[in-house]
Amino acid sequence: MLKMSTLLLRTLRDDPADAEVASHRLLVRAGYVRRIAAGVYSWLPLGYLTFRNIERVVREEMDAAGFQEVHFPALLPREPYEKTNRWDEYGSDLFRLQDRRGNDYLLGPTHEEMFTLMVKGEYSSYKDLPLSIYQIQTKFRDETRPRSGIIRGREFVMKDSYSFDIDDAGLLASYNKHRDAYIKTFDRLGLKYNIVSAVSGAMGGSGSEEFLAPCETGEDTYVLCNKCGYAANVEAMVTKAQAYSGSAPAAIEEFDSPNTPTIDSLVELLNGKFGPGHKASDTLKNVLLMADEKPISVLVPGDREVDLKRLQANLPGVQELRLFEDADFAKFPALVKGYVGPQDALKIGVALYADPRIVPGSHWITGANKKDTHARFVTNGRDFQVEKYLEAAEVRAGDLCPKCETPVVIDRAIEIGHIFQLGRKYAQALDLTVLDQNGKSQVVTMGSYGIGVSRAVAAIAEQTHDEIGLNWPREIAPADIHIVATGKEAEVFRAALTLAEDLEEKGLRVMFDDRPDASAGVKFKDAELIGIPFIVIVGKALSEGKVEFRVRRTGEKSEIELLKAVTEITSRVLNS
RNA sequence: CGGGGCGUAGCGUAGUGGCUAGCGCGCCUGCUUUGGGAGCAGGAGACCGGAGGUUCGAAUCCUCUCGCCCCGACCA
């Protein structure tokens, strides 16, 4: 039984000055966590109980799926990370340190290497596969900007699993098993979430999905189709382009367009010159970029920006992508800043990519590669040749769902899980092979799967809190029931204690506010702030042989006969 | 890493060169109070983030530095 008279807990009346998002504010105010450094937090008793409840749910679901729990150190030697090149690739996000002999170590940001090596050390036959193993571990990433309390910390707890299979079919099966286990886990945690297709990105591999918990303060943006349920990370959103249906355009025609370096100024000129009705979306924007120091031109409709993140996700193999700078323009005098068109891309030696909206046969108003000159009727396929169509333009609310063509909405969310068909990258680098049926050596194929355990505390808080405090689902809450004794009479405290003990005997986890000096108001406020799902008040009504029962979530209040209280409360709580 | 903001007691804050740094919450003692963050009285708690400088005098002005928060870039 948690007794508030002795619990290490001090609730705060005011919001902490350094907390902005609700979960952070309330977790601090309700005495669950305290900040130690940027992105580094301590758990007080209530917080740690909550954290462990989440951890327990995750562990139970992983075990139920047949995955085996192992545990690695957080302190790791450099060598394995050297072999996969991540010692360098991870950059300054990696916490590095040296031992007294000057040897390099790191604090694990994720553990693909170690898991791969563990399997390599034990297994060498296809008969040993498939295998899925996991750990619940503290991870360290020296984020440039930790934020939102425990949503993005530099030290955090993650459940990470890895699957090992002999072939792609096996990987897919392991992947789906994890997917199912994740669904069960997040359902049990009481989280609302969407499963969203993501881009595999630098990790390689064929498929990846994110579990996103919608929430205003989330830092991930994704698109959602409310009609068919299609959901995708913004980077993975596929454009639904309408084929060109107009008549064959007239011949290309150049015209003077002084002082029109921007799309807006160009549209204004067009409306003056060729009559009203021209829109930014009739123009073609040529965005010049350096992809690993090779020039590329990306075509998007004039009313859209290039989304660099999205473009990079769709340019596999490109490490560094940046916009043209003046120095780059200097190297390509044929590219006239503000008047670039795709007509001469080939001649100039710039790779020409286009957003799918630049459909074949469509014609555009764009730069003429001459100062103060634009051209119209510039036609895709006739006047320029697109090398490759790429998802490049920003995604907007109202864009069409690629599945059912309904306008999509854009929403924000916290990433609470990510499942990943990794493939053979790590097995290859660390030489994890097994013999197949034919005695032939095969590189193992892997999946990796993560759940942010500490982040889930914040995600649940974000989704469940209200204006007066936290509001946990029962399984996650630090206790099932919060008993408040009001007043000063010994009789009240005695009855409340007896009730608390009886409920505990029935298997309920009980928090008892037995503080002798706190006023009733203080106790009510604290109970609401702390967010245990049921509150029982022993006080005023005791003289009539009654206690009050409150449901935190709904605010619903009822009176219960003291004599029936134990059975009544037990059944209400357990059936909630 | 770019931009913005902020560091004064456990928490929230006032204090634009002049006495012993003020207030609220919380904490301690006593009395009263006790169903919606009680009242009165008394008390403890701060080298004003740190270093250097300007000045007769610095929380306050200057320089450097450290830390924290927010937006963006970044982030299997």
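The model shown is predicted, which means the values in this text are computed figures rather than measured ones. To find a chain, count down the sequence lines: A is the first, B the second, and so on, and within it residues start at 1.
Residues meeting the side-chain contact (heavy atoms from CB on, under 4.5 Å) test with A:Pro45, sequence neighbours left out: A:Leu7, A:Leu8. Remark: A:Asp165 engages A:Ser174 in a side chain to side chain donor-acceptor pair (under 3.5 Å) (not counting sequence neighbours). Among residues two or more places apart in sequence or in another chain, the side-chain contact (heavy atoms from CB on, under 4.5 Å) test is passed with A:Arg96 by A:Trp87, A:Leu94. In this view, A:Thr498 and A:Asp502 satisfy the side-chain contact (heavy atoms from CB on, under 4.5 Å) rule, not counting sequence neighbours. Residues forming a side chain to side chain donor-acceptor pair (under 3.5 Å) with A:Asn176 (at least two apart in sequence, or on another chain): none. Taking A:Asp14 as the reference, nothing meets the side chain to side chain donor-acceptor pair (under 3.5 Å) condition, with sequence neighbours excluded. Applying the ring pair (Phe, Tyr, Trp, His ring centres under 6.0 Å) test to A:Phe164 and every residue at least two apart in sequence or in another chain returns nothing.
In this structure, the NZ atom of A:Lys309 is 8 Å from the P atom of B:rC75, given to the nearest Å. Atom CD of A:Gln312 is separated from atom P of B:rA73 by 13 Å (rounded to the nearest Å). Atom pair A:Asp14:CG and B:rC25:C1' shows a separation of 6 Å (rounding to whole Å applied). Atom P of nucleotide B:rG72 and atom CG of A:Leu308 are separated by 15 Å, given to the nearest angstrom. The interatomic distance linking A:Leu9 (CG) with B:rG10 (P) rounds to 18 Å, in whole Å. The distance between atom OH of A:Tyr134 and atom C1' of B:rA76, rounded to the nearest whole Å, is 21 Å.
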Pick out the pairs of N or O atoms, protein on one side and nucleotides 67-69 of chain B on the other, that lie under 3.5 Å.
unit_1 : atom_1 : unit_2  : atom_2 : d
B:rC68 : OP1    : A:Ala38 : N      : 2.8

**OP:** Spell out protein contact along nucleotides 33-46 of chain B as letters: B when the base is contacted, S when just the sugar-phosphate is, - when no protein heavy atom is under 4.0 Å; keep the 5' to 3' order.
**Re:** BBBBBS--------
Donor-acceptor pairs are to be reported for all side-chain atoms of residues 524-538 of chain A against protein atoms at under 3.5 Å, with residues two or more places apart or in another chain.
unit_1   : atom_1 : unit_2   : atom_2 : d
A:Asp526 : OD1    : A:Thr11  : OG1    : 2.8
A:Asp526 : OD2    : A:Arg515 : NH1    : 3.3
A:Asp526 : OD2    : A:Arg515 : NH2    : 3.1

Show every donor-acceptor pair shorter than 3.5 Å between a side-chain atom in residues 489-496 of chain A and any protein atom, with sequence neighbours excluded, or say none if there are none.
unit_1   : atom_1 : unit_2   : atom_2 : d
A:Glu491 : OE1    : A:Arg494 : NH1    : 3.0

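Note on A:Met446: nothing from the nucleic acid sits closer than 4.0 angstrom, heavy atoms only.
Checking A:Glu89 against A:Tyr81 by side-chain atom types alone, no donor-acceptor pair falls below 3.5 Å.
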Original post:
So what's the dot-bracket for RNA chain B: Watson-Crick or G-U pairs under 3.5 Å, [ ] if a pair crosses, | if it pairs off-strand?
Top reply: ((((((((.[[[[.)..(...]]]].((((((.....)))))).....[[[[[..)....]]]]])))))))....
